[in-house]
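Per chain, numbering begins at 1; letters A, B, ... match sequence-line order.
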Protein chains: 2
Amino acid sequence: MTTIKDVAKAANVSISTVSRVLNNSGYCSGSTREKVYKAVEELKFQKSMVATAMIKKKTSTLGLIIPDIKNIFYGELTRAIEDQAHQHGFNVILCNTDNDLEKEAEYLNFLLRKGIDGIIFSTPEVNDRNIKEVMKNRPDLPMILLGSQVENVKLDEVLVDNFEGGYQATEHLLEYGHQRIGYIGGQKDSYATVERYKGYCKALEDHSLQPTDHYVRLDEFKIHSGYHKGKELLALPDRPTAIFAGNDAIAVGVYKAARELDISIPDELSVIGFDDSQFAEIVAPELTTIRTPTADMGEKTVELVVKIITEGKNFKETITFQPTLIERGSTTVLNDNHLVQKYPS
Amino acid sequence: MTTIKDVAKAANVSISTVSRVLNNSGYCSGSTREKVYKAVEELKFQKSMVATAMIKKKTSTLGLIIPDIKNIFYGELTRAIEDQAHQHGFNVILCNTDNDLEKEAEYLNFLLRKGIDGIIFSTPEVNDRNIKEVMKNRPDLPMILLGSQVENVKLDEVLVDNFEGGYQATEHLLEYGHQRIGYIGGQKDSYATVERYKGYCKALEDHSLQPTDHYVRLDEFKIHSGYHKGKELLALPDRPTAIFAGNDAIAVGVYKAARELDISIPDELSVIGFDDSQFAEIVAPELTTIRTPTADMGEKTVELVVKIITEGKNFKETITFQPTLIERGSTTVLNDNHLVQKYPS
DNA sequence: ATGAAAGCGCTAACAT
DNA sequence: ATGTTAGCGCTTTCAT
C-alpha cells in the first residue's frame, strides 16, 4: 500500500508538504505542488480515509436503519438516500432490522464503533428505546427520523402528512358514494398506521358516518396481511364496498383476496392504496393510491443530516411533505346493484 | 468520547492491559480482568473500530456494487447479502451504479480509500474495465462476482446457470405445443441476457425449430422494456403464442401490453419469466417463471468473500446454482383456435 | 514556503 | 502478569 511517506520520498519533500498540497491548506510553491502531483500520479496514491477519520473524527459514512430492503417502499427510499449521500460525499451502511429492537441495537452498536457521522432511522416504531439510548449516550451524534415520530423524543424529522393522506383516501371513496369503507392498516404501534387511521376516521365523521371497528383490521404492511384481512372484510355479510389499504402492498393482497372471491375491482369493490410504489402500476386495474413523495423525502433527509453534520448543530426541525391522490383504475363510483345488503341508514 | 486511556485510568491499569482483556490476548489475572470489565461497564466504553482498522488494516466492511436497489431483484439479493454479512460481523456499504462505469469507478475509488475488506460486484456488464483496473492495482483485495462473468478475468464467481434456465423456460413452452416463441431480453452485453438467449436457441433447435430474430427483442430488464417490446412482438401478423421474458419485470411489461391489446394470458398468450421475484405472485394470472435461488446465492457469496478475507487467498472458484421452473398460471398448452395465423410448417 | 514532531485510539512487540 | 513504547497513515501546530 502506498502511503503519504512514499509520495513524500518520491517528490523529495516532507510528508507535511504532501499533506498540504493534497488538502490545499497552507502555503506551497507552484513547483513543489507540481512535484507532489506528479508523484501522486505515478504512485497512484490515494489518501487512506481511515487515517483521516482517526484525526478528524469524521468517516463520511451514514448509517441507514430500515426494516427490510426487500420491501419495495424501502427500496425506493434507500435509493434516493444513497444517491443523495453519494452526491454529498457520504457512503451509506445499510441495516435491516425487521423491526426487531435487539437487532437494531446490535447494528447501532456497530455503527457507533465505526464512527459513522450520522444515522437515519426509517423505522415505523413509535417507541424506540434504542433511539432514546443513543440520544442519551451520544447527544452530539446527528440522528434523523424519516417517516415516523418517536414518542417523547424531539429529533429532526421528515414526514409525510399521514393524517391528511388517510383523510384524502377516505374522502375520495366517500365522494364516490361509498359508505361501508374498510381500513386495513399495518402494525398497530406504527406511526403511519395510526395517523392514517385518524385521517380515515375524521373523513368518515365529516360525512356523518361513525367509524366502526367492524371494518378495521390491523396487521402488517405486507401483501399477505392485505390478503388475509381483505378476506375477512370481504366475508362480512355487510361487506365493505371500498377498502382503504394502509399501503400498496396491502392493496395488492386485497386484490388477491377479491380475485379469489370473484369480486371485481373496481365494479364491486373500490380499493385505494398508499405510497404509490411500483406495485401500483403493476396490478390490473392499476391502483388508485396516495402518493408519498418518497424520493423527495429521502433527499431532504440526507440534506438535513449533512447540514447537521457540517454545521454541528441539530435543528430539531420537522419537515412535513404533503401526499397526493393518484387516481387510477381501482376506485369508482358506488354501484348499488352489487351490494350484498344495503347499508342501514 | 471515552477511550481506552480513560478505562485504564479508571481501572488503575495500563492501556495494554485493557487492550489485552478486551481482546482476550495474552495473560491477565482474574482480578484485573474484573477491574477492567467494571471500568468498561461504568464508562460504557466501546473500542473505536477506526483505530483498530488503522493497525489491523481490516474494517469489517464490504462494498456491494449493484445497478439499482429499487429493482426488486436486487432488493432480495441485497437483503440476503446484508444479513449474512451481519452474521459474520461485517457491514455493507451500498453502491448503486445504474450500470454506469463512471459512477462505478467513483464508488470503487471511495471504497478503496475507506479500506473496505472486500467487494461484491453484482453488475450485469460482461466487460467491466473497472474490475480489471482494481485487480491490477489491488490484486490482494478480495473481489467476487455475483450473477455474471467478466470477460478475460478470473475471479471467484457465484452464478445461476442462465443457459439452463433459458433452456428450461423454452422447453416448457415447447412442451405445451408452442412454436412461435418470443424472447425479450435485457441489455445485449449483459451476461444473463446472452446466456438465457443461448438456452432459448438450443431448446428451439432441439425441437428442430430455427431461432429467428423475428421473435427476439433486447432492451433492458425493466417493465417498460417488456411493455414496448411485448407490443412489438404482439403486433406481428404471425405473432408469438408464447413469450419468454428475460426476467419477471419484463414479463410484467408483457402482461400490460397483452392487456392493452386484449390478448388473454394464458389463453391466447403464454408468458414465462425469470427470477421468481415478488412480481411473479402479484400479477394475475400468477407468473410461471424460472426461479433463481437469489437468497442462497447472496449467502454463498458472502461466505466466500469472508473466507477469502480471513484465509487471505483467492480460490478463483466458480459456484453455479441451478434454476428451477416454477409453474403458475401464465403458461398453458397451445390453443390453436386463438392463432392469428397458423405457423408455417 | 517547508520541515519536524506530536498525536488521533488502538495493538503488539518488548521489557520487567 | 503487567507496563512501556513504537508505530498504523495521516493532520496540524510550531519552528525555521
Rounded to the Å, how far apart are A:L22 CG and D:dT12 C1'? 15 Å

Could you state the atom-to-atom distance from NZ of A:K56 to C1' of D:dT12 in whole Å? 10 Å

Taking side chain to side chain donor-acceptor pair (under 3.5 Å) as the definition, give me every residue that meets it alongside B:E41, ordered by chain and number, with sequence neighbours left out. none

Taking CE from B:M49 and P from C:dC10, how many angstroms apart are they, rounded to a whole number? 12 Å

For B:E311, which residues count as a side-chain contact (heavy atoms from CB on, under 4.5 Å) partner, sequence neighbours excluded? B:K307, B:K313, B:F315

Ionic contact status for B:K35 with B:E42, cut-off 4.0 Å: no

Which nucleotide, C:dT2, D:dC8, C:dC8, lies nearest any side-chain atom of B:K5? C:dC8

In degrees, rounded to 10°, what is the bend between the two ends of the helix from C:dA1-D:dT16 to C:dT16-D:dA1, using five pairs at each? 50°

With a 4.0 Å cut-off on heavy atoms, is A:V13 in touch with a base, just the backbone sugar-phosphate, or nothing at all? sugar-phosphate

With sequence neighbours excluded, residues passing side-chain contact (heavy atoms from CB on, under 4.5 Å) with A:I15: A:I4, A:K5, A:A8

Would you give me the side-chain donor-acceptor pairs under 3.5 Å for residues 58-68 of chain A, sequence neighbours excluded?
from  : atom 1 : to     : atom 2 : distance (Å)
A:T59 : OG1    : A:G115 : O      : 2.8
A:T59 : OG1    : A:D117 : OD1    : 3.3
A:D68 : OD1    : A:K70  : N      : 3.0
A:D68 : OD1    : B:R79  : NH1    : 2.9
A:D68 : OD2    : A:K70  : NZ     : 3.2

Between CZ of A:F45 and C1' of D:dG9 the distance, given in whole Å, is 8 Å

Strictly below 4.0 Å, heavy-atom distances to any atom of DNA chain D: list the hits from residues 134-142 of chain A, or just say none. none

Please give, in whole Å, the distance from D:dG7 P to A:I4 CD1? 18 Å

Does any pair with a residue in residues 106-153 of chain A pass ring pair (Phe, Tyr, Trp, His ring centres under 6.0 Å), and if so which ones, sequence neighbours excluded? A:Y107-B:H86

Measure the distance from CD1 on B:I55 to P on D:dG7 and round it to the nearest whole Å. 13 Å

Report the residue (A:Q46 or B:T17) whose heavy-atom-nearest nucleotide on DNA chain D is the more 5′ of the two. B:T17

Pairs under 3.5 angstrom only: tabulate donor-acceptor contacts from the side chains of residues 143-155 of chain B to other protein residues two or more places apart or in another chain.
from   : atom 1 : to     : atom 2 : distance (Å)
B:S148 : OG     : B:T123 : O      : 2.7
B:Q149 : OE1    : B:Y191 : OH     : 3.4
B:Q149 : NE2    : B:E157 : OE1    : 3.0
B:K154 : NZ     : B:T318 : OG1    : 2.9

Just the rounded figure in Å: distance from P of C:dG9 to CG of B:N23. 17 Å

Choose from C:dC10, C:dG3, D:dT4 the nucleotide whose nearest atom is closest to any side-chain atom of B:A51. C:dC10

Would you mind classifying the nucleic acid contact of A:T52 as base, sugar-phosphate or nothing, using non-hydrogen atoms under 4.0 angstrom? sugar-phosphate

Within the 3.5 Å criterion, strictly below it, is a donor on A:S16 or A:S19 matched to an acceptor on the partner's side chain? no

With A:T97 via side chain to side chain donor-acceptor pair (under 3.5 Å) - residues at least two apart: none

Among all residues two or more places apart in sequence or in another chain, which pass the side chain to side chain donor-acceptor pair (under 3.5 Å) test with B:E133? B:N137

For residues 25-43 of chain A, which residues have at least one heavy atom under 4.0 Å from DNA chain D? none

Which of the following nucleotides, D:dC8, D:dG3, C:dT2, is nearest to the side chain of A:R20? C:dT2

Test of understanding: with side chain to side chain donor-acceptor pair (under 3.5 Å), list the residues that count as partners of A:N99, not counting sequence neighbours. none

Main-chain N/O of A:E102 paired with A:D100 side-chain donor or acceptor, under 3.5 Å: yes

Separation of B:I15 atom CD1 from D:dA6 atom P, in whole Å? 13 Å

Please determine if a side-chain N or O atom of B:S14 lies less than 4.0 Å away from the OP1 or OP2 oxygen of D:dG3. yes

Within the 4.0 Å heavy-atom criterion, would you say B:S16 contacts the bases, only the backbone, or no part of the nucleic acid? base

